[in-house]
Engineer: 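Got a structure here, written out as structure tokens. Questions coming.
Convention: sequence-line order gives letters A, B, ...; per-chain numbering from 1. Excluded from the calculations below are hydrogen atoms, water molecules and symmetry mates; all remaining heavy atoms, backbone and side chain alike, are included.
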Protein chains: 2
Amino acid sequence: MNKKVSLKDIAKRAQVSIATVSYVLTKGENSGIGYEVSEKVKKIAAELNYRPNQIAQSLRSGKSYIIGLIVADISNPFFANIARIIEDEAKKHNYTVVFGSSDENATKSSDLINLLVNRQVDGFIIAPTEGSQEQIINLKKQNIPFVLIDRHFPEIESNYVTINNYKAAFDVTNRLLDTGNSDIGLIAYSSDLHHMKERIRGYSEALEAKGIKVDNNRIKKVAFSNLIEDVYIKVRELLSAPKPVTAIFFTTNTLAIHGLKTIDKLNLKVPNDISVVVFDAAEAFDFYYCPITHIKQPLLKIGKQAIDILVNQINTPEKKYSKLNLKAILVEKDSCK
Amino acid sequence: MNKKVSLKDIAKRAQVSIATVSYVLTKGENSGIGYEVSEKVKKIAAELNYRPNQIAQSLRSGKSYIIGLIVADISNPFFANIARIIEDEAKKHNYTVVFGSSDENATKSSDLINLLVNRQVDGFIIAPTEGSQEQIINLKKQNIPFVLIDRHFPEIESNYVTINNYKAAFDVTNRLLDTGNSDIGLIAYSSDLHHMKERIRGYSEALEAKGIKVDNNRIKKVAFSNLIEDVYIKVRELLSAPKPVTAIFFTTNTLAIHGLKTIDKLNLKVPNDISVVVFDAAEAFDFYYCPITHIKQPLLKIGKQAIDILVNQINTPEKKYSKLNLKAILVEKDSCK
DNA sequence: ATATTTTACTTAAACGTTTAAGTAGTGAGT
DNA sequence: ACTCACTACTTAAACGTTTAAGTAAAATAT
């Protein structure tokens with residue numbers, strides 16, 4: 001068995017103390033160690049292929065240089081992309097990202113947070129799931145820095161980077177209205193999460209602004225745990241009601257993917273038989289015969305800002321929270337008519 | 001600032017030694033510590049919300065319980081899925097997965113490996129990129145356990161879990177031949193990686209087995225770094241040659257996605273104008289008008305086996321390597337005619 | 001020539017665990 | 001009564017770093 005090379009090994013070979021080796025290797029020019037000894041140490045370190053043990057460094061410094069990222073659903077390309085961006089941004093600040101997917105499940109989220117707290121992560125970036133309020137409050141109590149993304153809890157003061165969901169939903173609903181649709185259904189997750197409510201509020205107020213009464217039967221909610229079937233059922237309900245809708249607003253890309261499959265199964269054509277708008281895109285849409293009008297979130301900005309805020313807070317803990325509401329843009333394609 | 005709770009804090013409150021606290025908290029029933037003291041310590045630990053510092057545990061034990069996963073391209077759903085499976089499997093063995101994407105770039109791969117070696121990961125699961133042989137050899141030299149997945153280097157003895165790429169490619173090519181295609185093109189990455197060569201060999205030998213001479217002009221290679229354009233060019237070349245092909249075998253899903261887009265642009269219809277088979281699926285294919293015949297890899301099995309082999313090697317370091325060549329299956333759909 | 005500063009190192013403590021080894025004190029066995 | 005074996009703890013060392021504090025020798029100043 002090859003034991004790993006430590007400062008001790010170098011020290012022994014160079015016949016100096018461990019501290020000397022450490023000084024040579026960590027302080028550059030002005031280590032306070034003489035030229036000859038320095039060179040000797042460096043040479044031996046290179047020969048032995050010395051790698052500092054970051055675990056020991058972390059223990060000593062109290063900093064792990066690890067950021068915990070908890071996304072709601074890693075199979076969703078939205079989160080997959082954001083994870084990637086955050087990883088890249090974190091690396092620029094010399095942080096490694098460890099992440100997990102809560103799958104919209106508060107228990108799993110709690111397990112992940114605990115796991116990572118034990119691993120002494122320096123901070124978190126979290127897309128919190130429903131029912132995870134306490135976990136967030138606990139982080140605050142423990143003084144562990146974190147930034148929420150995509151969603152946040154308005155009742156809990158914290159850093160967050162989200163988009164203006166209300167505004168985006170309002171805009172996209174307006175787009176449907178402008179193209180002549182007044183019977184608009186909405187498919188959402190059955191969730192108390194604020195961003196979901198905001199999307200629904202945007203939809204509702206856009207209708208009301210045009211003097212259209214909101215029909216709660218047209219706001220359909222599906223369970224994350226039973227997505228595929230639920231979407232199928234709800235989309236059918238919208239389309240087979242006494243007065244069927246002429247347009248559907250899918251509040252997430254995953255909902256849309258299964259919604260479009262349902263529409264295909266029912267032999268309806270977008271946009272002639274039914275108009276469609278979606279919150280977020282998906283690569284799969286590229287192959288859909290009709291380009292889909294959708295909301296595009298500024299992923300790069302979200303990731304960059306989240307990391308910036310977090311790293312800042314890690315380095316200079318303050319009581320002031322950063323609350324960012326970024327603008328999302330409406331990408332107009334051919335799916336509304 | 002809330003300092004974190006350590007054994008010391010509990011010990012002080014309970015008026016016992018640190019060791020006593022450790023014994024109570026880590027050895028269950030037979031800690032050798034009396035009932036009353038045990039209860040007292042446990043109670044205080046709970047009150048203070050004590051969390052063992054895994055960094056300290058790692059330093060002491062020499063084990064980090066972290067597995068490094070390096071995939072070739074995390075934006076590819078094949079790797080995204082496998083990452084997820086590996087994460088889940090690892091958790092069952094009490095390991096945390098830290099991962100990065102090399103983006104098929106040997107330098108990035110090297111950086112990632114170094115980063116993770118410094119972090120004292122207990123082992124690696126790697127989908128190695130072209131030119132990363134030395135990194136792999138270095139891991140061997142340092143006695144760091146690892147398992148290669150998806151690809152491996154035949155010239156380097158190591159653990160690996162791959163599929164039988166030759167067989168799969170042979171089968172899928174045969175499928176094209178059986179449906180009446182004798183002019184078959186192939187789109188591959190320009191890569192020396194063994195699995196890619198094996199796929200090409202499968203294709204070639206399937207043709208030869210039917211007495212068809214392999215035409216090297218029909219084996220097109222594209223650069224990973226210039227994927228979209230290259231695919232477009234090469235697919236066009238195949239289709240506008242003096243004797244155009246009637247079928248194309250895409251050796252990865254990403255190649256197929258852009259290949260199908262090209263086919264759409266050229267106003268050709270699958271399978272009437274052109275037959276298509278693909279190595280690996282993609283969610284996007286669900287929206288393609290023609291269900292695509294493809295090779296399906298046993299992702300779950302690959303992930304499970306990789307973790308099993310790795311964990312095994314971590315716990316009982318042996319010189320014997322596990323080399324797994326799993327079977328992939330051909331999923332027959334409607335894209336061949 | 002002597003005091004003072006500077007240089008070039010070493011010692012030792014600390015981070016939070018785990019665990020082998022040590023130490024009282026108790027109870028049983030003879 | 002005295003040994004022996006338990007029980008219930010504590011002490012101390014170790015994992016690999018970093019760094020404040022210490023020390024001895026050399027260089028400079030007076």
Side-chain angles (χ1 to χ4, degrees), chain A residues 1-42 44-45 48-66 117-122 142, chain B residues 1-42 44-45 48-66 117-122 142:
Chain A
M1 273 306 280
N2 249 340
K3 269 283 285 120
K4 289 209 172 137
V5 179
S6 71
L7 291 182
K8 204 191 219 171
D9 302 316
I10 300 175
K12 206 177 294 171
R13 281 235 211 171
Q15 314 222 64
V16 295
S17 73
I18 294 176
T20 303
V21 179
S22 176
Y23 281 119
V24 170
L25 263 26
T26 56
K27 325 284 182 200
E29 289 295 284
N30 322 58
S31 61
I33 309 295
Y35 179 79
E36 298 213 344
V37 175
S38 289
E39 289 305 305
K40 186 177 176 190
V41 166
K42 281 186 206 157
I44 294 175
L48 298 182
N49 190 29
Y50 168 73
R51 312 264 137 187
N53 182 329
Q54 274 202 44
I55 292 206
Q57 289 178 324
S58 291
L59 180 59
R60 161 78 208 205
S61 67
K63 294 198 63 184
S64 63
Y65 279 95
I66 293 182
V117 168
N118 291 357
R119 290 222 182 267
Q120 313 295 119
V121 298
D122 291 337
Q142 298 178 255
Chain B
M1 269 308 280
N2 250 338
K3 269 283 290 123
K4 290 210 171 137
V5 179
S6 72
L7 292 181
K8 204 193 222 171
D9 302 316
I10 301 175
K12 205 177 296 170
R13 280 238 209 171
Q15 314 220 64
V16 295
S17 74
I18 295 177
T20 303
V21 179
S22 177
Y23 280 120
V24 170
L25 263 26
T26 56
K27 324 286 180 199
E29 289 296 284
N30 322 57
S31 61
I33 308 294
Y35 178 79
E36 299 212 346
V37 175
S38 289
E39 288 305 304
K40 188 177 174 191
V41 166
K42 280 186 207 158
I44 294 175
L48 298 183
N49 190 30
Y50 168 72
R51 311 265 137 187
N53 181 330
Q54 274 202 44
I55 293 207
Q57 289 178 326
S58 291
L59 180 60
R60 161 77 209 207
S61 67
K63 295 197 63 181
S64 64
Y65 279 96
I66 293 182
V117 167
N118 290 358
R119 290 223 183 265
Q120 312 295 120
V121 298
D122 291 338
Q142 298 178 256

Engineer: Treat primed atoms plus P, OP1 and OP2 as sugar-phosphate and everything else as base, then score nucleotides 16-26 of chain C 5' to 3': B for base contact with protein heavy atoms under 4.0 Å, S for sugar-phosphate contact only, - for none.
Structural biologist: BBBBB------
Engineer: Taking all heavy atoms of Asp122(B) and all of Tyr65(B), pick out the closest pair and write down the distance.
Structural biologist: OD2-N, 2.6 Å
Engineer: Both Val37(B) and Ser61(B) contact DNA chain D. Which one's nearest nucleotide lies toward the 5' end?
Structural biologist: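 Taking each residue's closest nucleotide, the earlier one in sequence belongs to Val37(B).
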Engineer: Rounded to the nearest Å, what distance is computed from the NZ atom of residue Lys40(B) to the C1' atom of nucleotide dA8(D)?
Structural biologist: 14 Å
Engineer: Any idea which heavy atoms bring Arg119(A) and Ser64(B) closest together, and the distance?
Structural biologist: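 Where Arg119(A) meets Ser64(B) most closely, the heavy atoms are NH1-O, 2.9 Å.
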Engineer: Could you tell me how far apart Glu36(B) (CD) and dT7(D) (P) are, to the nearest whole angstrom?
Structural biologist: 17 Å
Engineer: Keeping Lys27(B) on the side-chain end and Gly32(B) on the backbone end, is there a donor-acceptor pair under 3.5 Å?
Structural biologist: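 Checked: no pair found.
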Engineer: What is the distance from CG of Asp9(B) to P of dA14(C), rounded to the nearest Å?
Structural biologist: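 To the nearest whole Å, that distance equals 15 Å.
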Engineer: Got more than 12 heavy atoms from elsewhere within 6.0 Å of CZ, Arg13(A)?
Structural biologist: no
Engineer: Between Ser22(A) and Ile18(A) (side chain of the first, backbone of the second, donor and acceptor by atom type, cut-off under 3.5 Å), is there such a pair?
Structural biologist: no
Engineer: Looking at Ile55(B) and Leu59(A), what are the two nearest heavy atoms and their distance?
Structural biologist: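 Looking at all heavy atoms of both residues, the shortest contact is CG2-N, 3.7 Å.
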Engineer: Pick base, sugar-phosphate or nothing for Gly34(B), based on heavy-atom distances below 4.0 Å to the nucleic acid.
Structural biologist: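 Sugar-phosphate only.
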Engineer: Whole Å only: how far is the CD1 atom of Ile33(B) from the C1' atom of dT10(D)?
Structural biologist: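 In whole Å, dT10(D) C1' and Ile33(B) CD1 are 9 Å from each other.
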Engineer: Can you tell me how far C1' of dC9(D) sits from CG of Asn30(B), to the nearest Å?
Structural biologist: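 The answer, rounded to whole Å, is 16 Å.
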